[in-house]
Amino acid sequence: VQLQASGGGLVQAGGSLRLSCAAAGRSFNNYAMGWFRQPPGKEREFVAIISGGGGLTYYRDSVKDRFTISRDNGKNTVYLKMNSLKPEDTAAYYCAAAQRYGRTTSKDYGYWGQGTLVTVSS
């Protein structure tokens, strides 16, 4: 599976962005899809995950009620809608594919897209 993330940019605090991750390859719906982020000078961290069929989602506590992960299996694309953005959300955001739902550590994801940078100004 090849992944291509897009949609990052500069936004003011309180604003919104939608990230997209397009997948190339077969059986996209067989993979759980996750979003991770790496803030400047910090380690990569889990953000959200969605199951292959889209019925299950899970978020890190700091983004619950602000971020929404979704997917369109017909378009082989996963999204991350980010609302009420805060300066601490500034990071490079990565999409990734895992064989199983429920994985929140990087090592459990076998396929990664390139990062898309999100910068939130105060």
Side-chain angles (χ1 to χ4, degrees):
V1 177
Q2 293 179 317
L3 304 174
Q4 178 83 27
S6 62
L10 174 64
V11 63
Q12 288 188 330
S16 298
L17 280 175
R18 189 180 78 159
L19 305 183
S20 299
C21 175
R26 289 188 273 182
S27 303
F28 174 68
N29 61 327
N30 285 347
Y31 293 92
M33 296 298 298
W35 285 96
F36 287 75
R37 67 186 182 187
Q38 187 164 14
K42 297 185 179 180
E43 294 188 352
R44 191 173 298 186
E45 61 187 23
F46 167 80
V47 176
I49 185 174
I50 187 166
S51 59
L56 299 173
T57 58
Y58 180 73
Y59 301 88
R60 71 180 295 111
D61 286 346
S62 62
V63 308
K64 281 181 185 176
D65 301 323
R66 298 190 298 122
F67 290 11
T68 302
I69 188 171
S70 62
R71 65 191 296 161
D72 184 337
N73 286 342
K75 295 182 178 179
N76 280 14
T77 302
V78 63
Y79 305 98
L80 185 69
K81 181 66 187 301
M82 306 184 293
N83 296 326
S84 303
L85 282 161
K86 304 176 181 180
E88 52 263 43
D89 295 319
T90 294
Y93 283 73
Y94 299 85
C95 58
Q99 298 279 4
R100 287 186 163 186
Y101 175 74
R103 310 300 184 180
T104 61
T105 55
S106 299
K107 65 179 179 61
D108 293 315
Y109 289 74
Y111 304 94
W112 290 84
Q114 89 294 353
T116 185
L117 185 62
V118 173
T119 303
V120 184
S121 63
S122 57

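These numbers were taken from a predicted model, which means no experiment stands behind them.
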Q: Strictly distance-based, threshold 3.5 Å: is any side-chain N or O of Gln114 a donor or acceptor partner for the main-chain N or O of Ala5?
A: yes
Q: Is the backbone of Glu45 close enough, under 3.5 Å, to the side chain of Arg60 for a donor and an acceptor to pair up by distance?
A: no
Q: Please find the pair of heavy atoms, one from Arg100 and one from Arg103, that lie closest to each other, and give the distance.
A: CD-NH2, 3.1 Å
Q: When you look at NZ of Lys75, are more than 12 heavy atoms from neighbouring residues, nucleotides or ligands closer to it than 6.0 Å?
A: no
Q: What distance do Ser51 atom OG and Arg71 atom CZ have between them, rounded to the nearest 0.5 Å?
A: 7.0 Å
Q: In terms of hydrophobic clustering (I, L, V, M, F, W, Y; side-chain heavy atoms under 4.5 Å; direct or indirect links), are Phe46 and Ile50 co-clustered?
A: no
Q: Give the minimum heavy-atom separation between Gly8 and Val118, together with the two atoms involved.
A: CA-CG2, 4.1 Å
Q: Looking at Lys86 and Asp89, is there a salt bridge between them, counting it only when a charged N and a carboxylate O are closer than 4.0 Å?
A: no
Q: Is the side chain of Asn73 donor-acceptor paired with the backbone N or O of Gly52 at a distance under 3.5 Å, no angle test?
A: yes
Q: Could you state the interatomic distance from CG (Leu56) to CD1 (Ile69), rounded to the nearest 0.5 Å?
A: 11.5 Å
Q: If I compare all heavy atoms of Ala98 with all of Asp108, which pair ends up nearest, and what's the gap?
A: CB-O, 3.6 Å
Q: Same hydrophobic cluster for Trp112 and Val47, using side-chain heavy-atom links shorter than 4.5 Å among ILVMFWY?
A: no
Q: Side chains of Arg66 and Met82, heavy atoms from C-beta outward: is any pair under 4.5 Å?
A: no
Q: Check whether Thr90 reaches the backbone of Val120 with its side chain - one donor and one acceptor, N or O, closer than 3.5 Å.
A: yes
Q: With heavy-atom distances below 4.5 Å as the criterion, would you say the side chains of Pro39 and Glu88 are in contact?
A: no
Q: Which distance, rounded to the nearest 0.5 Å, do you find between the OH of Tyr94 and the CG of Leu80?
A: 15.0 Å
Q: Please say yes or no: joined through hydrophobic side-chain contacts below 4.5 Å, possibly via intermediate residues, are Val1 and Val78 part of one cluster?
A: yes
Q: Do Tyr59 and Asp65 touch side chain to side chain, with heavy atoms closer than 4.5 Å?
A: no
Q: Where do Ser121 and Leu10 come nearest, in terms of heavy atoms and distance?
A: CB-CD1, 4.4 Å
Q: For atom CD of Gln2, is the number of surrounding heavy atoms from other residues, nucleotides or ligands below 6.0 Å larger than 12?
A: no
Q: What is the minimum heavy-atom distance between Pro87 and Ser122, and which atoms define it?
A: CG-CB, 3.9 Å
Q: Can you check whether Cys95's main-chain N or O pairs, donor with acceptor, with Tyr111's side chain at less than 3.5 Å?
A: no
Q: With a cut-off of under 6.0 Å to the ring centre and 45° to the axis, is Arg44 in cation-pi contact with Phe36?
A: no
Q: Distance from Thr57 atom OG1 to Lys64 atom NZ, nearest 0.5 Å?
A: 10.0 Å
Q: Which heavy atom of Thr77 sits nearest to which heavy atom of Ser20, and what is that distance?
A: CG2-CB, 4.3 Å
Q: Between Tyr31 and Gln99, is any pair of side-chain heavy atoms under 4.5 Å apart?
A: yes
Q: If we only count heavy atoms from C-beta on, is the Leu85 to Phe67 side-chain gap below 4.5 Å?
A: yes
Q: Between Tyr79 and Tyr109, is there a shared hydrophobic cluster once you connect ILVMFWY residues whose side-chain heavy atoms come closer than 4.5 Å?
A: no
Q: Would a single hydrophobic cluster contain both Met33 and Tyr93, if residues Ile, Leu, Val, Met, Phe, Trp and Tyr are joined by side-chain heavy-atom contacts under 4.5 Å?
A: yes
